[in-house]
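Notes follow once the structure below has been shown.
Sequence lines set the chain letters: A, B, ... in the order given, protein chains first and strands last, and positions in each chain run from 1.
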Amino acid sequence: MNKVRVRFAPSPTGFLHIGGVRTALFNWLFARHSGGTFILRIEDTDRDRSTDEAIQVIMDGMKWTGLDWDEGPIRQTDRLDLYREKAMDLFKGGHAYWCVCTPEELEIRRKEAQARGESIKYDGRCRERGISEPTDPAALRFITPQEGQTVLHDLIKGDIVFDNSVLDDLIILRSNGYATYNFSVVVDDGLMNISHVIRGDDHVNNTPRQVPLFEALGFSVPQFAHLPMILGSDKARLSKRHGATSVLAYQEMGYLPEALVNYLVRLGWSHGDQEIFSIQEMVEHFDFKHVQSSPAVFNPEKLKWVNAQYIRNKEPKHVAEALTPFLQKAGYDEAAIARIPGGVEALIPPLRERSETLLDFVEGAAPYLVESMTMDEAAATKHLIPSIAPILQEFADLVEVESDFSKEMLERMMQGLVERQGLKMGKVAQPLRVALTGRTVSPGIYEVMALLGKDRTIQRIRAGAKRALHN
RNA sequence: GUCCCCAUCGUCUAGCCUGGCCUAGGACGCCGCCCUUUCAAGGCGGCAACGCGGGUUCAAAUCCCGCUGGGGACGCCA
């Protein structure tokens with residue numbers, strides 16, 4: 001009894017939006033928290049704008065973020081007859097009437113009303129006509145109560161009161177015979193026994209028009225929870241001009257799905273001061289009481305930080321799995337990866353402290369994936385000076401004759417060398433770094449050597465020494 | 001224009017329901033210091049907010065009213 005049943009109901013008219021993912025996530029969390037059912041429903045009644053590709057993209061995005069659904073995907077276009085049937089039931093029951101006003105006429109009247117500063121709702125002129133069987137194309141309108149009030153008990157915002165006088169008779173069946181969004185939603189939510197409607201608060205104003213529909217159809221009215229919007233940095237609703245808004249884009253930018261989900265859950269929900277949540281923790285603690293009722297600005301900087309946290313704390317093996325496709329995409333083949341002793345996984349510990357995204361790893365790993373790296377000329381000019389040449393040469397000789405290539409051994413040899421020469425570690429390490437990586441920035445020098453392997457280490461130091469001699 | 005929602009550091013937020021523990025806490029970012037072979041990471045510290053005005057109360061970030069500001073909705077789109 002009273003089983004929790006929730007749904008995520010996107011319309012497949014484009015990509016899966018970051019705001020959509022958050023809506024899906026909150027539905028999913030609530031379902032998992034309460035042992036309920038999470039349903040994926042595709043709202044594709046707008047046949048002109050819905051595409052199969054978009055449906056696939058939505059499902060891919062949800063799979064990537066780990067939001068698995070228990071039922072569906074249910075497509076509204078498979079249920080068109082059902083909506084028509086229910087609409088006709090309403091007509092027969094005296095809850096609806098045919099309207100022969102054309103969209104063009106309505107548009108004109110709306111404009112006029114607006115110009116006069118009046119409310120732009122439908123004037124209801126077909127309500128009294130009592131057309132029993134229309135000869136011209138006609139839409140079916142629901143007779144919406146005009147007196148009294150409708151109270152929405154929102155789980156997030158509390159009670160919201162609407163005067164029914166602001167409502168107009170909404171179209172439930174278009175003149176082409178297809179149901180409208182507001183109608184198909186109610187039929188589906190009713191028939192699927194949806195217990196909680198969790199959606200963006202841009203739907204708040206739809207609710208008082210949907211509630212009488214639930215009642216006329218003989219369904220029990222679900223509970224509602226309207227999530228606040230996600231805004232861009234200019235406080236306007238998040239859109240393309242704020243940058244990436246598609247989940248897929250974040251995948252491509254090297255974000256980990258867990259990190260994106262973690263960032264998104266904190267956008268509007270909190271559990272004390274906690275910032276990082278495992279999925280289990282989110283599921284355990286999720287509640288509507290701690291969902292913010294005010295909108296939140298999407299902050300890419302913090303998302304990056306969360307991503308970095310996950311990169312640093314996940315098992316290197318898992319990060320390596322996520323990273324591999326990025327390396328391949330960047331053009332590094334198996335042979336390139338095989339150059340690194342230990343493979344991709346060996347890359348993770350030395351680079352993860354300096355990588356906020358998987359793309360940062362690709363960039364940071366470049367010197368170790370190739371046979372001969374690209375030399376930063378400015379770095380070479382600055383650090384590979386003639387006086388350092390013999391020192392590099394000596395170090396290369398030491399490494400060559402020593403069979404132990406361990407980090408400890410390398411460190412001991414390096415320290416000995418530095419002491420004998422009476423130099424500061426930095427004076428040697430930095431030229432060495434440039435010789436080994438072609439850059440001034442890298443992981444610790446011994447980590448670098450481990451990633452290069454003995455042969456390439458010696459070879460690059462020698463090349464560096466040669467270069468230094470002629471600088 | 002009409003209706004609806006919202007209002008704590010630049011941003012995400014704790015606290016608000018059940019006034020006193022708030023000299024308003026945490027996080028991102030920013031700045032400084034420490035650590036240090038580079039860059040990071042890490043540690044320590046700093047800057048920074050209850051939108052305004054009225055009430056109610058011994059006491060208000062917390063309750064009430066107004067204002068202002070922001071957002072959303074007003075389609076035969078979803």
Hey, can you pull the donor-acceptor pairs under 3.5 Å for the side chains in residues 407-418 of chain A, sequence neighbours left out?
unit_1, atom_1, unit_2, atom_2, d
A:K407, NZ, A:E447, OE2, 2.9

Looking at A:S442, I'd like to know whether one of its side-chain N or O atoms comes within less than 4.0 Å of OP1 or OP2 on B:rC39.
no

Centroid-centroid distance, A:F26 to A:F286, less than 6.0 Å
yes

Considering heavy-atom distances to RNA chain B, does A:L106 or A:L267 have its closest nucleotide positioned more toward the 5' end?
A:L267

Check every strand shown and say whether A:T45 touches a base, only sugar-phosphate, or nothing at a heavy-atom separation below 4.0 Å.
sugar-phosphate

Kindly point out which of B:rC76, B:rC12, B:rU38 is positioned nearest to the side chain of A:A139?
B:rC76

Tabulated below should be each protein N or O lying under 3.5 Å from an N or O of nucleotides 60-64 of chain B; please produce it.
none

Would you say B:rA73 has OP1 or OP2 under 4.0 Å from some side-chain N or O of A:R237?
yes

Nearest whole Å is fine: how far is B:rA40 P from A:R354 CZ?
10 Å

So side-chain hydrogen bond (donor to acceptor under 3.5 Å, both in side chains) across residues 349-358 of chain A, not counting sequence neighbours, yields none

What's the CD1-C1' distance between A:I230 and B:rU13, to the nearest Å?
15 Å

Could you list the protein-to-nucleotides 2-8 of chain B atom pairs, N/O on both sides, closer than 3.5 Å?
unit_1, atom_1, unit_2, atom_2, d
B:rC5, O2', A:K157, NZ, 2.9

So does A:H290 get a side-chain nitrogen or oxygen closer than 4.0 Å to the phosphate oxygens (OP1/OP2) of B:rG15?
yes

Under 3.5 Å, is there a donor on one side chain and an acceptor on the other for A:Y83 and A:D188?
yes

Could I get the full list of side chain to side chain contact (heavy atoms under 4.5 Å, CB included) partners for A:H203, not counting sequence neighbours?
A:Y181, A:R199, A:N206, A:H226

Can you give me the N/O atom pairs linking the protein to nucleotides 20-29 of chain B at distances under 3.5 Å, or say none if there are none?
unit_1, atom_1, unit_2, atom_2, d
B:rG25, N2, A:D273, OD1, 2.8
B:rG26, N2, A:E275, OE2, 3.1
B:rA27, O4', A:E275, OE2, 3.2
B:rA27, O2', A:K302, NZ, 3.2
B:rA27, N3, A:K302, NZ, 3.3
B:rC28, OP1, A:W305, NE1, 3.3
B:rC28, O2', A:K302, N, 3.4

Check the phosphate of B:rG75 against A:R110, side-chain N and O only, distance under 4.0 Å to OP1 or OP2. Yes or no?
yes

Of the nucleotides B:rA41, B:rA78, B:rC12, which one has an atom closest to the side chain of A:R312?
B:rA41

